Structures are given as C-alpha cells and as structure tokens.
Amino acid sequence: MGNIATGLSHRLHPDEVPGPNKPLQFDPLIGFPNGRKEKVMVATEEEMRSAKIPLDKRDYCAHKLLEFLACRNKNYPWVVKCHHEKHHYLECEYQEFLDRTKDYEREKRLMKREKRIKARAEG
C-alpha cells in the first residue's frame, strides 16, 4: 500500500483501485451478516498529549504504547523488563496494519466487481 506498483496502478486504473486519501465508496458492513467489531479509541487525546506521543503514533494502539512507555519510565535503566508490553504494542500495530490492508483489498475487489457488473449490463 504505498509501493510503486500500487501508485502506478492507481494512476492507470483509477476506477479499479481505491485512492489513499479517498473516503470509502462502499458500506463497510457489506458482506458481514453479523456486523463488524467496532474499533474504539481507548486512550484519550489528553493522555496522548501529556505523554507527548507523536501524531503518527496516535492510533487505535496508543493505549498499548502508553503502557509500554509507563513501564519504561518505571523500570529505567532496566527497560528490558518491559518486553511484554512492547510485544503487546507491536502485536496491536501489526493487527491494525492487517485490518487496514484487508479493508483496502476489500474495497479494491468491490470496485472491480462494480466495474464488471456495469460492463455486463452495457454489453
């Protein structure tokens, strides 16, 4: 999602590939008969601001990052004791990456499907 091929395919086939800054075209609940689990921000804006978390880290895993940073501050200079908190934070970030990637691919498949349906109806 950001490599050269994706950027190139977005320019060559704008009707088949979702743009990086475009809103979703399709309902996020299509294909989920029982609904999807809603993502909830656990950390508040005030907590993130007071911990001086950079803007690019203020995502759905910010509460795990706050736990990790608190552990580092508590156990300094033996920060190796915080490997569990670090693991939980990195696992959360990885799951968030997978969710974003799956949403991108789902949107891409739905765009191609819509194009096929329109082509079939026209011809």
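Just so we're clear, the structure is a prediction, and the values are computed from it rather than from any experiment.
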Under 3.5 Å, side-chain donor or acceptor atoms of residues 42-49 against the rest of the protein: list the pairs with distances, not counting sequence neighbours.
residue : atom : partner : partner atom : Å
Thr44   : OG1  : Glu47   : N            : 3.2
Glu45   : OE2  : Arg58   : NH1          : 2.7
Glu46   : OE1  : Arg49   : NH1          : 2.8
Glu47   : OE1  : Thr44   : N            : 3.0

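- Here Pro54 pairs with Asp56, Lys57 under the side-chain contact (heavy atoms from CB on, under 4.5 Å) rule; sequence neighbours left out.
- Under a 4.0 Å N-O distance rule, the pair Asp103/Arg36 qualifies as a salt bridge.
- Between atom CG of residue Leu69 and atom CD1 of residue Ile53 there is a gap of 6.0 Å, rounded to the nearest 0.5 Å.
- Linking ILVMFWY residues whenever their side-chain heavy atoms come closer than 4.5 Å, directly or via other members, places Ile30 and Met111 in the same cluster.
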Point to revise | Pair Gln25-Leu110, side chain to side chain contact (heavy atoms under 4.5 Å, CB included): steps then yes or no | key: CA-CA 9 Å; Gln25 291 183 0; Leu110 288 172; over 6 Å; no
Residues 88-99, side-chain donor-acceptor partners within the protein, below 3.5 Å, at least two apart:
residue : atom : partner : partner atom : Å
Tyr89   : OH   : Glu93   : OE2          : 3.4
Glu91   : OE2  : Gln95   : NE2          : 3.3
Glu96   : OE1  : Lys39   : NZ           : 3.3
Glu96   : OE2  : Lys39   : NZ           : 3.0

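- Following chains of ILVMFWY side-chain contacts shorter than 4.5 Å, one can reach Met41 starting from Leu66, so the two form part of one hydrophobic cluster.
- Cluster annotation: Phe68 and Tyr60 are assigned to the same hydrophobic cluster (Ile/Leu/Val/Met/Phe/Trp/Tyr, side-chain heavy-atom contacts under 4.5 Å, transitive).
- Counting only residues at least two apart or on different chains, no side-chain hydrogen bond (donor to acceptor under 3.5 Å, both in side chains) pair has a member in residues 66-85.
- Put simply, CZ on Arg109 and NZ on Lys102 are 10.5 Å apart, with the number rounded to the nearest 0.5 Å.
- Contacts of Lys37 classified as side-chain contact (heavy atoms from CB on, under 4.5 Å), with partners at least two apart in sequence or in another chain: none.
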Which side-chain N or O atoms in residues 113-123 pair as donor and acceptor under 3.5 Å with protein atoms at least two apart or in another chain?
residue : atom : partner : partner atom : Å
Lys115  : NZ   : Asp15   : OD2          : 3.4
Lys115  : NZ   : Glu16   : OE2          : 2.9

